[in-house]
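So the structure is just underneath, and the comments pick up after that.
Quick caveat: nothing in here was measured; it's all calculated off a predicted structure. Count residues from 1 along the sequence.
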Amino acid sequence: MRSLLSSFREIARYPSAILGLVIIFLLVLVAVYAVIAIPYSEAVRLWRGGEEVWYNTPRNAKPAWFNLFTSNDQPESIILKSTEDEEVSKTTEPAGEGMTRILMSFPFEYTSREFPDEVSVYFKATFEEKVPYISLSWLTPDGRELRVADFSINKSFSYRSSQDSKLERRLGKVPPRQGLFAAPDSDPPVALPGQYTLVVDALVFEPEANVEAELVVFGKVFGLAGTDHLRRDLLIPLLWGTPVALSFGL
């Protein structure tokens, strides 16, 4: 016990040694947290996961704390689900001849002057034979209503505005991520902050048919470590790198 106390007194004479011990202690805490919060099997599943796991995270995003060092905040991702979020309204009404109209409204507040990275809508539908028909419209903070797209969907369907050449032409041949958010007559173009609303107008042709939707406005910053080109959260390898590095170090 005496030798241990003597060792601590000797270490206390050197501030660099104390700092080193503090750093090692913090790394041990991070390693313990990583093992408990993200078990190894889950970390492997997430890191090896593809589009089905990371579909709603932005690609090549900077860490969210990047905004602390910039005058123009980069937008963060906005995700709204018709099955979970209370602000999303969903109503149904008869449309005649066995048809049902499903109206979903996705309001959200956009605060950045920078444009988002992408706007996508993901659909899940239940039906037997007759596929639902979807109409999308976009309401801007200054009262404009923009027609986005009309299409039929299968049981799982993804609409990506960046791949819609018709929408790009209607927006004046500018990328939809810019045309949907641009302030009128701004030069150079900047995003118009305020409340936007995506309106999903779905028509189903069977009594038990249903449609659910998820709106994702992809931001340019994400989490504590950002993402890579496959949309994966880089915090996962950073956390799990800590116990691996400590084990080698020991």
Side-chain angles (χ1 to χ4, degrees), residues 51 54-62 67 70 72-82 85 87-90 101-125 131-154 156-203 211-222 227 229 231:
E51 187 72 14
W54 301 108
Y55 73 94
N56 60 3
T57 55
R59 197 185 304 274
N60 292 323
K62 300 178 182 69
N67 280 337
T70 60
N72 295 324
D73 284 356
Q74 299 292 304
E76 297 187 33
S77 292
I78 297 169
I79 302 175
L80 291 173
K81 301 181 181 181
S82 62
D85 296 294
E87 57 264 45
V88 178
S89 64
K90 180 179 180 181
R101 186 184 186 191
I102 302 174
L103 278 174
M104 289 176 278
S105 179
F106 295 79
F108 64 93
E109 196 72 22
Y110 193 79
T111 58
S112 177
R113 281 285 184 178
E114 299 290 329
F115 295 110
D117 198 48
E118 166 69 294
V119 178
S120 297
V121 189
Y122 301 92
F123 295 94
K124 295 290 184 183
V131 299
Y133 187 76
I134 303 293
S135 295
L136 300 180
S137 57
W138 187 260
L139 307 180
T140 64
D142 56 352
R144 289 172 293 138
E145 181 174 357
L146 307 175
R147 175 176 160 241
V148 177
D150 305 280
F151 47 83
S152 298
I153 63 171
N154 48 32
S156 182
F157 184 85
S158 302
Y159 170 78
R160 305 179 190 277
S161 63
S162 62
Q163 299 174 3
D164 190 343
S165 57
K166 292 181 180 179
L167 175 60
E168 184 170 333
R169 287 195 297 270
R170 283 198 298 273
L171 293 172
K173 296 184 178 180
V174 297
R177 68 178 186 85
Q178 178 177 322
L180 293 173
F181 288 88
D185 303 322
S186 58
D187 187 20
V190 294
L192 176 66
Q195 181 169 290
Y196 290 81
T197 303
L198 172 72
V199 178
V200 178
D201 190 344
L203 199 61
V211 175
E212 300 291 353
E214 177 181 357
L215 167 67
V216 182
V217 180
F218 291 94
K220 292 185 177 180
V221 294
F222 179 86
T227 62
H229 66 290
R231 304 182 186 274

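A donor-acceptor contact shorter than 3.5 Å is absent between the side chain of Asn67 and the backbone of Asp73. Side-chain atoms of Ser82 come within 3.5 Å of backbone atoms of Ala213 as a donor-acceptor pair (strictly under, hydrogens ignored). Side-chain atoms of Ser137 never come within 3.5 Å of backbone atoms of Leu146 as a donor-acceptor pair (strictly under, hydrogens ignored). Without hydrogens or angle criteria, Asp201 side chain to Ser135 main chain gives no donor-acceptor distance under 3.5 Å. Side chain of Arg170 to backbone of Val148: a donor-acceptor contact under 3.5 angstrom is found. Trp138 contributes no side-chain N or O that, together with a main-chain N or O of Arg147, makes up a donor-acceptor pair within less than 3.5 Å. Listed for the Ser158 side chain is no donor-acceptor partner under 3.5 Å among the backbone atoms of Tyr122. A donor-acceptor contact shorter than 3.5 Å links the side chain of Thr227 to the backbone of Ala61.
Glu214 pairs in a side chain to side chain contact (heavy atoms under 4.5 Å, CB included) with only one of the listed residues (Val121, Asn56, Leu80), which is Asn56.
Considering NZ of Lys124 and NZ of Lys81, their distance stands at 10.5 Å, rounded to 0.5 Å. Of the inter-residue distances, the one linking Thr57 atom OG1 with Asp117 atom CG reads 11.0 Å to the nearest 0.5 angstrom. Atom-to-atom distance recorded for Glu87:CD and Phe108:CZ is 11.5 Å, nearest 0.5 angstrom. Note that CG of Asp150 is 7.5 Å distant from CG of Leu136, once rounded to the nearest 0.5 Å. For the atom pair Gln178 CD and Ser186 OG, the distance stands at 8.0 Å (nearest 0.5 Å). Rounded to the nearest 0.5 angstrom, Leu180 CG and Arg144 CZ are separated by 9.5 Å.
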Between Glu114 and Lys62, does a salt bridge (charged side-chain N to carboxylate O under 4.0 Å, His left out) hold up when you go through it step by step? CA-CA 14 Å; Glu114 299 290 329; Lys62 300 178 182 69; over 6 Å; no
Give the C-alpha distance, both sets of side-chain angles, the deciding distance and a yes or no for side chain to side chain contact (heavy atoms under 4.5 Å, CB included) between Phe123 and Asn154. CA-CA 8 Å; Phe123 295 94; Asn154 48 32; over 6 Å; no
Using the side chain to side chain contact (heavy atoms under 4.5 Å, CB included) rule, take Val211 and Met104 through it: C-alpha gap first, then chi angles, then the decisive distance, then the call. CA-CA 10 Å; Val211 175; Met104 289 176 278; 4.0 Å; yes
Kindly determine whether Leu139 and Val199 satisfy side chain to side chain contact (heavy atoms under 4.5 Å, CB included), including the steps that lead there. CA-CA 8 Å; Leu139 307 180; Val199 178; 4.1 Å; yes
After noting the C-alpha distance and the side-chain angles of Leu167 and Ser161, does the key distance pass the side chain to side chain contact (heavy atoms under 4.5 Å, CB included) rule? CA-CA 7 Å; Leu167 175 60; Ser161 63; 4.2 Å; yes
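When side chains are defined from C-beta on, Tyr110 counts as touching Pro75, because their heavy atoms get closer than 4.5 Å. Residues Pro176 and Val119 have side chains not in contact (no heavy-atom distance under 4.5 Å, counting atoms from C-beta outward). Within the 4.5 Å cutoff, the side chain of Val200 has heavy atoms near those of the Ile134 side chain. In this structure, Glu76 and Pro58 have side chains that are not in contact, with every pair of non-hydrogen atoms separated by 4.5 Å or more.
By the 4.0 Å N-to-carboxylate-O rule, Lys166 lies too far from Asp164 to be salt-bridged with it. A salt bridge links Lys90 with Glu212: at least one charged nitrogen is closer than 4.0 Å to a carboxylate oxygen. With salt bridges taken as basic N to acidic carboxylate O contacts below 4.0 Å, none links Arg231 and Glu118.
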For residues 189-197, dump all side-chain donor-acceptor pairs below 3.5 Å to protein atoms at least two apart in sequence or in another chain.
{"unit_1": "Tyr196", "atom_1": "OH", "unit_2": "Phe181", "atom_2": "O", "d": "3.2"}
{"unit_1": "Tyr196", "atom_1": "OH", "unit_2": "Leu192", "atom_2": "O", "d": "2.5"}

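Thr70 and Asn72 share no donor-acceptor pair across their side chains, judged by distance under 3.5 Å alone.
Taking the ring centre of Phe218 as origin, the terminal cationic atom of Arg177 falls outside the region bounded by 6.0 Å and 45° from the ring axis.
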